[in-house]
**Q** 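Before I ask anything, here is the structure I am working with.
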Amino acid sequence: MALTIYNTLAREKQVFEPIDRTNVRMYVCGPTVYDFAHIGNARPVIVFDVLFRLLRHLYGEKHVTYVRNITDVEDKIIARAAERHVSIRELTEGTAKIYQEDALALGCLKPTIEPRVTDTMAEIVAMIEQLVRNNHAYAAEGHVLFHVPSDPDYGKLSRRPLDEMIAGARVEVAPYKKNPMDFVLWKPSTGEQPGWDSPWGKGRPGWHIECSAMSEKHLGETFDIHAGGIDLIFPHHENEIAQSEGAHHGKPIANYWMHNGFLQVEGEKMSKSLGNFITIRELLAEKKFGGEQWHGLVLRHAMLSTHYRQPIDWTLDRLTRSRTELMDWARLLHDVAPSADLHEDVLAPLSDDLNTPAAYAALHRMAAAARTNQEDRAHFKRALVFLGLYDNQKDADFLVGQSVDAARVEELIAKRGAARKAKDFKEADRIRAELSSMGVAIEDGPGGTTWKVMS
RNA sequence: GGCCACGUGGCGGAGUGGUUACGCAACGGUCUGCAAAACCGUGUACCCCGGUUCAAUUCCGGGCGUGGCCUCCA
């Protein structure tokens, strides 16, 4: 089965052909750890985790290297640390830890490597020196800048003509820039600002160079897939290409570029000013969205119900439905042993540019079959586990922060059973209503009365 | 202002130059003390206007709407 990927560089779907089948390499731009990650940040984390899982399935677990960086040097970090009167280290360590916990709660596998900018400083300096030697960069007033006109291919990812960008530039151009488009590779640090020694004095890296340096360090000069949010296409990814390919004499940095679409909340742009800004942590642990807490796998299920390149509207309705469905599946699959092989009906749509909604159609067929057949249950469970959507939870586990007194429920069910036996249906219905008011639904089946928590 | 993406039935959401997924909700039925679950059945949608074509939701052009980038926000 051929894997096809929509390559932003080519603006078309292409058959994926790895450089080295025994070491397939992917890089995803991770967070700048100055604050909690929001739900929009969760999208690439989840989506490209599915890609990681798929590649591991296709090429073998030991033959895929997934790098997701943590950017722990950046001006927003400096500002935030000063605001809170904590050290930069304290801020970045704490934020990075929460990010990693969030990713785990969202059902994501740990990346192979999670490099930090602060551990990559020597490589960053070396790459900048190489760019200077290759006449792609110049030093000026303690800064080192990438000279955009030195790269005739500049703009090939975002497909923006240079002259147009310069014309549209709204920022004041720093006087030391040879060209308005030139961007910073290294900038001087003074006073309290974190800094590292370099040939250009004490300073710190610009925004884009860290990804070029970290990807080269861990994946080599050319690797297979580079991914991130669509808003990173310009300028971040464009500049990464310019840096890496400038340093490596034109060798491509990555063969395939993948970008996930944007997320909105209840039909509006998520922003602090609109008051609809929502972090992953708030969804998981606080009752801030719809007055409820949400299980990480419910969030994952909701996120994957739209194709990754489409815009997604993050709504309460979507989460509620995702939870209901997951609970239904859990009732079917709890304690079922998964089958060894992954069903082709799920694999095929995933292999078509991660078409998760089409894969979900297959899951629904499998769910229907699983209701009557043990073998189908095993296949269905295998598929859900593969997608990271299920890890043997009970249905009520997906109702976070709600608790039901199980002993009391069982007691009422027994009383109702006695009333039914005595044909006192009025009393039986009263007890049903009482349970219902507790949020418990009951079902009389051939094996007795079962109950579930209503979502 | 420039560039780009998206606009599918009540809702979510794939996909396709002709045979129109899938899920939720709704409605009808079987079953049930009543229900629920399960099962069976019902519902012909593709923003607007032109164009190409035997045929367009699908291709092209224009418009409208929503969003993104151009301003170190994924």
Side-chain angles (χ1 to χ4, degrees), chain A residues 8 11 28-32 34-35 37-48 71 74-77 155 158-161 163-172 181 183-184 187 205-210 227-239 259-264 267-272 277 302 304-313 315 317-322 324-325 328 331-332 349 352 355-365 367-368 371-372 419-421 423-426 428-429 432-433 436 441-446 449-452 454:
Chain A
T8 308
R11 305 286 150 112
V28 172
C29 286
T32 298
Y34 71 101
D35 205 346
H38 60 249
I39 189 59
N41 295 309
R43 195 172 192 193
V45 175
I46 294 169
V47 160
F48 298 118
T71 296
E74 212 266 347
D75 287 0
K76 282 200 295 283
I77 294 173
S158 56
R159 303 204 173 180
R160 287 160 192 257
D163 50 350
E164 177 192 297
M165 282 190 281
I166 294 166
R170 296 187 203 170
V171 219
E172 206 176 313
M181 290 304 298
F183 56 90
V184 171
K187 56 180 146 189
W207 176 34
H208 316 290
I209 191 71
E210 83 285 3
I230 195 167
D231 57 321
L232 290 182
I233 292 176
F234 191 89
H236 186 58
H237 288 161
E238 195 70 72
N239 290 353
H259 295 93
N260 63 270
F262 223 69
L263 175 144
Q264 283 182 268
E268 289 186 306
K269 176 181 173 149
M270 179 169 64
S271 74
K272 284 176 180 163
F277 191 90
L304 294 177
S305 62
T306 295
H307 182 84
Y308 78 95
R309 281 192 283 118
Q310 291 288 110
I312 190 172
D313 192 10
T315 62
D317 185 50
R318 178 190 290 275
L319 294 195
T320 305
R321 284 197 291 204
S322 296
T324 301
E325 187 162 68
D328 186 38
R331 277 174 215 119
L332 213 47
D352 179 15
N355 193 337
T356 50
Y360 276 19
L363 292 182
H364 293 135
R365 284 195 299 275
R371 290 186 200 288
T372 53
R420 287 181 73 210
K421 209 167 179 183
K423 304 266 185 212
D424 185 357
F425 295 121
K426 199 177 167 188
D429 288 346
R432 177 197 290 283
S436 182
I442 52 173
E443 294 169 21
D444 299 322
T449 299
T450 58
W451 61 280
K452 65 184 182 189
M454 293 182 284

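Keep in mind that this is a model prediction, so the values were computed, not measured. Quick note on labels: first sequence line is chain A, next is B, and so on, each numbered from 1.
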**Q** If you compare all heavy atoms of A/Gly229 against all heavy atoms of A/His259, which two are closest, and at what distance to 0.1 Å?
**A** O-CD2, 3.4 Å
**Q** Suppose you measure atom C1' in B/rG61 against the same atom in B/rU52; what distance do you get, rounded to whole Å?
**A** 11 Å
**Q** Give A/His307 one of three labels, base, sugar-phosphate or nothing, depending on what nucleic acid heavy atoms sit under 4.0 Å from its own.
**A** sugar-phosphate
**Q** Using a 4.0 Å heavy-atom cut-off across all strands, classify A/Ile233 as base, sugar-phosphate, or nothing.
**A** nothing
**Q** Side chain of A/Glu325 only, please: which of B/rC22, B/rG23, B/rA14 is the nearest?
**A** B/rG23
**Q** Suppose you measure atom C1' in B/rA26 against the same atom in B/rG15; what distance do you get, rounded to whole Å?
**A** 25 Å
**Q** With sugar-phosphate meaning primed atoms plus P, OP1 and OP2, does A/Pro235 contact a base, only sugar-phosphate, or nothing at under 4.0 Å between heavy atoms?
**A** sugar-phosphate
**Q** If I pick the C1' atom on B/rG13 and the same atom on B/rG18, what distance separates them, to the nearest angstrom?
**A** 23 Å
**Q** Do the side-chain N or O atoms of A/Lys423 get closer than 4.0 angstrom to the phosphate oxygens (OP1, OP2) of B/rG33?
**A** no
**Q** Stacking between B/rA74 and A/Phe262, yes or no? Criterion: centroid separation under 5.5 angstrom, plane angle under 30 degrees.
**A** yes
**Q** For A/Asn355, report the nucleic acid contact type (base, sugar-phosphate, nothing); a contact means any heavy atom under 4.0 Å.
**A** sugar-phosphate
**Q** Is there a Watson-Crick or G-U wobble partner for B/rA26 with both distances under 3.5 Å, and if so, which one is it?
**A** B/rU42
**Q** For a quick test of reading the model, state the closest non-hydrogen atom pair linking A/Ala358 to A/Pro349 and the distance between them.
**A** CB-CB, 3.7 Å
**Q** Report which part of the nucleic acid A/Arg318 touches: base, sugar-phosphate, or nothing (heavy-atom distance under 4.0 Å, all strands).
**A** sugar-phosphate
**Q** Do A/Thr306 and A/Arg318 meet the criterion of a side-chain donor-acceptor pair at a distance under 3.5 Å?
**A** yes
**Q** P atom, B/rG12 versus B/rC47: distance in rounded Å?
**A** 14 Å
**Q** Just checking A/Lys187: base, sugar-phosphate only, or nothing, at a heavy-atom cut-off of under 4.0 Å?
**A** base
**Q** Return the minimal non-hydrogen interatomic distance between A/Gly261 and A/Arg43, and the atom names on each side.
**A** O-NH1, 3.0 Å
**Q** So what's B/rA5 paired with, Watson-Crick or G-U wobble, going by both distances under 3.5 Å?
**A** B/rU66
**Q** When both hydrogen-bonding distances must be under 3.5 Å and the geometry is Watson-Crick or G-U wobble, what is B/rG17 paired with, if anything?
**A** none
**Q** With a non-hydrogen cut-off below 4.0 angstrom, is A/Leu263 in contact with a base, only sugar-phosphate, or nothing?
**A** base
**Q** In terms of side-chain heavy atoms, does A/Glu74 have a donor or acceptor partner in A/Thr32 at a distance below 3.5 Å?
**A** no
**Q** At under 4.0 Å, does any side-chain N or O of A/Arg321 touch on OP1 or OP2 of B/rG12?
**A** no
**Q** Say you pick atom C1' in B/rU58 and the same atom in B/rU53; how far apart are they, in whole Å?
**A** 13 Å
**Q** Distance check: side-chain N/O of A/Thr306 vs OP1/OP2 of B/rG13, anything under 4.0 Å?
**A** yes
**Q** Taking B/rC6 as the reference, what is the distance to B/rA14 when you measure between their C1' atoms (whole Å, please)?
**A** 15 Å
**Q** Counting any heavy atom closer than 4.0 Å, what does A/Arg420 reach on the DNA or RNA strands: base, sugar-phosphate only, or nothing?
**A** base
**Q** Under 4.0 Å, counting only non-hydrogen atoms across every strand here, what does A/Gly228 touch: a base, just sugar-phosphate, or nothing?
**A** sugar-phosphate
**Q** Hey, does A/Arg432 reach any base, or is it just sugar-phosphate, or nothing, if we go heavy atoms under 4.0 Å?
**A** base
**Q** Expressed as a whole number of Å, how far does the C1' atom of B/rC31 sit from that of B/rG23?
**A** 24 Å
**Q** Could you tell me how far B/rC11 sits from B/rG29 if I compare only their P atoms? Round to whole Å.
**A** 26 Å
**Q** Determine which nucleotide pairs with B/rA55, using a 3.5 Å limit on both distances of a Watson-Crick or G-U wobble pair.
**A** none
**Q** For A/Met270 and A/Asp317, take the nucleotide of RNA chain B holding the closest heavy atom to each; which residue's nucleotide lies nearer the 5' end?
**A** A/Asp317
